[in-house]
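Heads up, the thing below is written out as structure tokens.
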Amino acid sequence: MPVILRGATAAAVAIIALTIPGCGYHVAGKADMMPKEVRTICVPAWGNATTRYRLTDRLPAEIAKEFIARTRYQIVTDPNQADAILTGSVVNYFAYPIIFDQATGRANTVQVVLYMTATLTDRKTGKALFTRPQFDWKQQYEISSNPRAFFDESDAAMDRLSRDVARMLVSAILENF
């Protein structure tokens with residue numbers, strides 16, 4: 001037998017039903033907490049305090065790709081045409097073996113740790129919209145235990161690391177973490 005709601009009970013149920021879909025929950029990585037005035041972002045070359053020279057070329061390029069792929073923002077190359085400028089620096093880079101071949105004693109897996117800073121600044125006001133003075137990212141890659149079949153995996157690992165950092169950084173900026 002169907003239940004018929006009357007009066008205040010019906011009104012309460014209607015109000016609850018209307019407010020549940022707008023309760024504020026969202027899928028992680030989909031929010032955009034940036035000011036609506038920001039439409040263009042410049043991602044210039046990053047500073048580098050390490051000996052890993054090509055990494056700072058890869059990071060801004062991957063960050064720009066991530067913004068283009070996931071957001072409504074236009075990426076511009078001229079900071080004077082941007083509403084916001086994302087600057088950053090690679091502060092430290094470490095690579096060290098973490099797994100060794102039992103038979104040969106040679107390293108099989110290398111751990112790479114990258115320490116960075118990043119700041120997104122409103123160009124007109126100079127106000128920091130997002131700042132992360134310290135964050136780190138890790139990536140592992142394998143090394144062939146056969147010296148004849150050796151292939152330097154470090155460049156491919158740096159490409160993966162750059163993509164992962166870009167994904168994480170853009171999410172952090174959009175979610176304002």
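For the single chain, residues carry numbers from 1 onward in sequence order.
- For the atom pair CE (M158) and CD (Q139), the distance works out to 7.0 Å, reported to the nearest 0.5 Å.
- Residues Y115 and F130 are members of separate hydrophobic clusters, defined by side-chain heavy-atom contacts under 4.5 angstrom among Ile, Leu, Val, Met, Phe, Trp and Tyr.
- Among residues two or more places apart in sequence or in another chain, the side-chain hydrogen bond (donor to acceptor under 3.5 Å, both in side chains) test is passed with T50 by N48.
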Please set out all donor-acceptor pairs under 3.5 angstrom arising from side-chain atoms of residues 83-90, sequence neighbours excluded.
unit_1: D83; atom_1: OD2; unit_2: R39; atom_2: N; d: 2.8
unit_1: D83; atom_1: OD2; unit_2: T40; atom_2: N; d: 3.1
unit_1: D83; atom_1: OD2; unit_2: T40; atom_2: OG1; d: 3.3
unit_1: T87; atom_1: OG1; unit_2: T119; atom_2: O; d: 3.4
unit_1: S89; atom_1: OG; unit_2: G47; atom_2: O; d: 3.4

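- Among residues two or more places apart in sequence or in another chain, the side-chain contact (heavy atoms from CB on, under 4.5 Å) test is passed with T125 by D122, K127.
- Under the 4.5 Å side-chain heavy-atom criterion for ILVMFWY residues, a single connected hydrophobic cluster contains both V43 and I68.
- The two residues R58 and S162 make their nearest non-hydrogen contact at CB-OG, 3.3 Å.
- Each of L59 and F94 belongs to its own hydrophobic cluster when Ile, Leu, Val, Met, Phe, Trp and Tyr are linked at side-chain heavy-atom distances under 4.5 angstrom.
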Report the C-alpha distance between L120 and I41 in whole Å, list the side-chain angles of each, state the deciding distance to 0.1 Å, and finish with yes or no for side-chain contact (heavy atoms from CB on, under 4.5 Å). CA-CA 9 Å; L120 182 68; I41 298 174; 4.2 Å; yes
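- The OH atom of Y73 lies 9.5 Å from the CD1 atom of I173; values are rounded to the nearest 0.5 Å.
- A salt bridge links R70 with E66: the distance from a Lys NZ or Arg NE/NH1/NH2 to an Asp or Glu carboxylate oxygen falls below 4.0 Å.
- By the salt bridge (charged side-chain N to carboxylate O under 4.0 Å, His left out) test, D164 pairs with R167, sequence neighbours left out.
- Annotation: salt bridge (charged side-chain N to carboxylate O under 4.0 Å, His left out) contacts of K138 (sequence neighbours excluded): D136.
- Residues that satisfy the side-chain contact (heavy atoms from CB on, under 4.5 Å) test with A61, not counting sequence neighbours, are absent from this structure.
- Applying the side-chain hydrogen bond (donor to acceptor under 3.5 Å, both in side chains) criterion to Q74, with sequence neighbours excluded, gives no partner residue.
- Of all heavy-atom pairs spanning A82 and V76, the tightest one is CB-CG2, 3.6 Å.
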Test side-chain contact (heavy atoms from CB on, under 4.5 Å) on L161 and Y141 and set out the steps. CA-CA 10 Å; L161 183 132; Y141 64 92; over 6 Å; no
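- Placement of I98 and V112 in two distinct hydrophobic clusters is found when ILVMFWY residues are connected by side-chain heavy-atom separations under 4.5 Å, directly or transitively.
- Taking Q111 as the reference, Q140 meet the side-chain hydrogen bond (donor to acceptor under 3.5 Å, both in side chains) condition, with sequence neighbours excluded.
- Annotation for V91 and A49: closest pair O-CB, 3.7 Å, computed over non-hydrogen atoms.
- Transitive grouping of hydrophobic side chains (ILVMFWY, heavy atoms separated by less than 4.5 Å) keeps Y93 and Y96 in distinct clusters.
- Taking all atoms of both residues into account, the shortest heavy-atom contact from P97 to A107 is CB-CB, 3.5 Å.
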Check step by step if side-chain contact (heavy atoms from CB on, under 4.5 Å) holds for W46 and D57. CA-CA 7 Å; W46 279 28; D57 295 337; over 6 Å; no
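- Partners of N80 according to the side-chain contact (heavy atoms from CB on, under 4.5 Å) rule, which considers only residues two or more places apart in sequence or in another chain, are D78.
- Screening residues 108-119 for salt bridge (Lys or Arg N to Asp or Glu O under 4.0 Å), with sequence neighbours left out, gives no hits.
- When the side-chain contact (heavy atoms from CB on, under 4.5 Å) test is applied to F135, the partners found at least two apart in sequence or on another chain are M116, A118, R132, V165, M168, L169.
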